[in-house]
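Structure record follows, encoded as structure tokens.
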Amino acid sequence: WCKGWNKDRARDGKYPGVPFQGEKDWQKYEVARRLKDVVHTIRAQYRKDWKSKELKKQQRAVALYFIDKLALRAGNEKEEGETADTVGCCSLRVEHIQLHRRLDGQEHVVEFDFLGKDSIRYYNKVSVEKPVFENLQLFMKNKDPTDDLFDQLTTTFLNKHLQRLMDGLTAKVFRTYNASITLQEQLKALTNPEDNVAGKLLSYNRANRAVAILCNHQRSVPKTFARSMEVLQEKIDAKKKQVEEAQEGVKKAEDEFKETKDAKAEANVEKKKKLLKRLEEQLAKLNVQATDKEENKQIALGTSKLNYLDPRITVAWCKKFGIPIEKIYNKTQREKFAWAIDMAGEDFEF
DNA sequence: GAGTAGACTTGGAAGAATTTTT
DNA sequence: AAAAATTCTTCCAAGTCTACTC
């Protein structure tokens, strides 16, 4: 009884001192939103620090650039031996990056290859700004492959610095911020108001996917992937055939109407056209499904959806385009994000 | 400061439940 | 109604970061 009562009371947040459901989550995203206001200053700052005379500051500035641009994790130092040899930004070693002055037509390319959290491989080639490239050369000079790239840097030092720049700011906030802002931008760029619901959902998934790629959320290819892809392709082929048949059906009906000019034949033309339209829609839907599936082969969307994307962005998008929220969030997710569902209007901006 | 205990968040996969296909 | 496929839930390890000690 007591439990339920507390829960209900907590739900609407009308009682001071009683945290509403999801308040922690809400706070997390509010911190990330505040970063939006100062991120330009911070970027200007670390650009300046690339040129600092203090090695420590230079390293901090380059690390921060990676955390911001590539959404790398902080990378606390961890006890050796027992745990797997995984790293994050601050714990990167010389052996984890390779520098290329030119590569594939790009300048100042850094090639990352290391194991991150849960031993998920991070592999990426990124063109960086020239001062960063030069700093990295400096940091790597006279070091063994197994030496720390940022030997002067700790996560504590980095976070202390961030705390000074903005209240509540830590390294991981950049992940939240960049994930959410990317979703918002991608949704804006990809959503076509003319599309039907399936098409819009594909756009949503693509936006979600852009975030998952940024955050390096990978999954192993599902065992049934190839098989179910085949099955889907067969369905598409079958549907194509049906569409062709329906096209002929329309033509035939039209010819007949020309001959006879009677009302019955006219109605038949309409009927055939309707059928064709329905089949074409079904085909389009299947094609969308296939694209989505293929693009999602090795990408896990769940983690970003659950931990990085401000749900209010999604809620606003759904309201704006008339997409039922259940198409995106299942029951548990709707519960988790209940606060956002009644908080955000269609004009919410992250 | 340096070190570390512990609260809290984030992670993919395995197993369970549900939906779709046959 | 069984089988297959998909989606959801649960699990707990692996991270992040603060707070506290020395």
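Here is the naming used below: chain letters follow the sequence lines, and residue numbers restart at 1 for every chain.
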Report summary line: Per nearest nucleotide of DNA chain C, the residue lying toward the 5' end, Thr83(A) or Val173(A), is Thr83(A)

Report task. List the steps, then state whether side chain to side chain contact (heavy atoms under 4.5 Å, CB included) holds for Arg209(A) with Arg206(A). Result -> CA-CA 5 Å; Arg209(A) 197 144 47 233; Arg206(A) 282 182 164 158; 3.4 Å; yes

In whole Å, what is the span from the [atom1] atom of [X] to the [atom2] atom of [N]?
{"X": "Lys172(A)", "N": "dT18(C)", "atom1": "NZ", "atom2": "P", "result": "10 Å"}
{"X": "Leu158(A)", "N": "dT18(C)", "atom1": "CG", "atom2": "P", "result": "11 Å"}
{"X": "Gln298(A)", "N": "dG12(B)", "atom1": "CD", "atom2": "C1'", "result": "14 Å"}
{"X": "Leu301(A)", "N": "dG12(B)", "atom1": "CG", "atom2": "C1'", "result": "13 Å"}
{"X": "Leu232(A)", "N": "dT6(C)", "atom1": "CG", "atom2": "P", "result": "9 Å"}
{"X": "Asn307(A)", "N": "dG15(C)", "atom1": "CG", "atom2": "P", "result": "15 Å"}
{"X": "Tyr329(A)", "N": "dC8(C)", "atom1": "OH", "atom2": "C1'", "result": "16 Å"}
{"X": "Lys160(A)", "N": "dA19(C)", "atom1": "NZ", "atom2": "C1'", "result": "11 Å"}

**Report entry** Short N-O contact, Glu54(A) and Arg60(A), less than 4.0 angstrom
**Finding:** no

Query raised in the report: With a 4.0 Å cut-off, would you call Asp310(A) and Arg312(A) a salt bridge?
Result: yes

Query raised in the report: Are Thr86(A) and Lys78(A) close enough that a side-chain donor and a side-chain acceptor fall under 3.5 Å?
Result: yes

Report task. Begin from the C-alpha positions of Lys28(A) and Asp25(A) and carry the test salt bridge (Lys or Arg N to Asp or Glu O under 4.0 Å) through to its verdict. Result -> CA-CA 5 Å; Lys28(A) 176 178 78 180; Asp25(A) 227 21; 3.6 Å; yes

Query - Partner residues of Gln152(A) under the side-chain hydrogen bond (donor to acceptor under 3.5 Å, both in side chains) criterion, sequence neighbours left out - result: none

Report task. Could you tell me which residues satisfy side-chain hydrogen bond (donor to acceptor under 3.5 Å, both in side chains) with Lys143(A), sequence neighbours excluded, listed by chain and number? Result -> Asp151(A)

Requested in this report: Flag yes if Val128(A) and Leu214(A) sit in one hydrophobic cluster, no otherwise; membership is Ile, Leu, Val, Met, Phe, Trp, Tyr, and two members link when side-chain heavy atoms are under 4.5 Å apart.
Outcome: no

Just N and O in the side chain of [X]: are any of them under 4.0 Å from OP1 or OP2 of [N]?
{"X": "Asn159(A)", "N": "dC17(C)", "answer": "yes"}
{"X": "Tyr308(A)", "N": "dT9(B)", "answer": "no"}
{"X": "Lys28(A)", "N": "dT10(B)", "answer": "yes"}
{"X": "Thr86(A)", "N": "dG15(C)", "answer": "yes"}
{"X": "Asn330(A)", "N": "dT7(C)", "answer": "no"}
{"X": "Lys293(A)", "N": "dT6(C)", "answer": "yes"}
{"X": "Thr170(A)", "N": "dC17(C)", "answer": "yes"}

Query raised in the report: Which of residues 174-183 of chain A sit near DNA chain B, with a heavy atom under 4.0 Å from it?
Result: Arg175(A)

Query - Interface residues of residues 113-124 of chain A with DNA chain B (non-hydrogen, below 4.0 angstrom) - result: Lys117(A), Asp118(A), Ile120(A)

Contacts under 3.5 Å, N or O only, protein and nucleotides 19-22 of chain B:
residue, atom, partner, partner atom, Å
dT21(B), OP1, Lys235(A), NZ, 3.0

Requested in this report: Kindly indicate, with the supporting measurements, whether the criterion salt bridge (Lys or Arg N to Asp or Glu O under 4.0 Å) is fulfilled by Glu230(A) and Arg227(A).
Outcome: CA-CA 5 Å; Glu230(A) 264 174 44; Arg227(A) 173 88 191 97; 3.8 Å; yes

Query raised in the report: Which word best sums up how the rings of Tyr46(A) and Trp50(A) line up, parallel for under 30°, tilted for 30 to 60°, or perpendicular for over 60°?
Result: tilted

Query raised in the report: Reckon Ala171(A) touches a base, only the sugar-phosphate, or nothing at all at heavy-atom distances under 4.0 Å?
Result: sugar-phosphate

Report task. Using a heavy-atom cut-off of under 4.0 Å over every strand shown, decide if Lys24(A) touches base, sugar-phosphate, or nothing. Result -> sugar-phosphate

Query raised in the report: Short question: side chain of Asp118(A), backbone of Ile120(A) - any donor-acceptor pair under 3.5 Å?
Result: no

**Report entry** ring pair (Phe, Tyr, Trp, His ring centres under 6.0 Å): pairs with one or both residues in residues 177-229 of chain A, sequence neighbours excluded
**Finding:** Tyr204(A)-Trp317(A), His217(A)-Tyr308(A)

Requested in this report: Output the residues of residues 199-221 of chain A in contact with DNA chain C, where contact means a heavy atom of the residue under 4.0 Å from an atom of the strand; sort by number or write none.
Outcome: none

Query raised in the report: Which parts of residues 60-79 of chain A get close to DNA chain C, meaning a heavy atom less than 4.0 angstrom away?
Result: Arg73(A), Ala74(A), Gly75(A), Asn76(A), Lys78(A)

Distances under 3.5 Å only, N/O to N/O: pair up the protein atoms with those of nucleotides 1-5 of chain B.
none

**Report entry** Residue Lys200(A) excluded, over 12 heavy atoms near NZ under 6.0 Å
**Finding:** yes

Can you give me every donor-acceptor pair (side chain of residues 237-253 of chain A, partner residue at least two apart or in another chain, under 3.5 Å) with its distance?
residue, atom, partner, partner atom, Å
Asp237(A), OD1, Gln233(A), NE2, 3.4
Lys239(A), NZ, Gln282(A), OE1, 2.8

Should [X] and [Y] count as side-chain neighbours, where that means a heavy-atom distance under 4.5 Å?
{"X": "His100(A)", "Y": "Lys125(A)", "result": "no"}
{"X": "Pro19(A)", "Y": "Lys24(A)", "result": "no"}
{"X": "His108(A)", "Y": "Arg101(A)", "result": "yes"}

Give every donor-acceptor pair under 3.5 Å between a side-chain atom in residues 319-331 of chain A and any protein atom, sequence neighbours left out.
residue, atom, partner, partner atom, Å
Lys319(A), NZ, Ile341(A), O, 3.2
Lys319(A), NZ, Ala344(A), O, 2.6
Tyr329(A), OH, Thr314(A), OG1, 3.4
Asn330(A), OD1, Thr332(A), N, 3.1
Asn330(A), OD1, Thr332(A), OG1, 3.1
Asn330(A), OD1, Gln333(A), N, 3.0

**Report entry** Pairing residues for Glu254(A) by the salt bridge (Lys or Arg N to Asp or Glu O under 4.0 Å) criterion, not counting sequence neighbours
**Finding:** Lys273(A)

Report task. Carefully, step by step, assess Glu95(A) and Arg93(A) under the rule salt bridge (Lys or Arg N to Asp or Glu O under 4.0 Å). Result -> CA-CA 5 Å; Glu95(A) 60 191 332; Arg93(A) 297 192 297 265; 2.6 Å; yes

**Report entry** Nucleotide nearest Arg227(A) when distance is taken to its side chain, options dA5(C), dT10(B), dC17(C)
**Finding:** dA5(C)

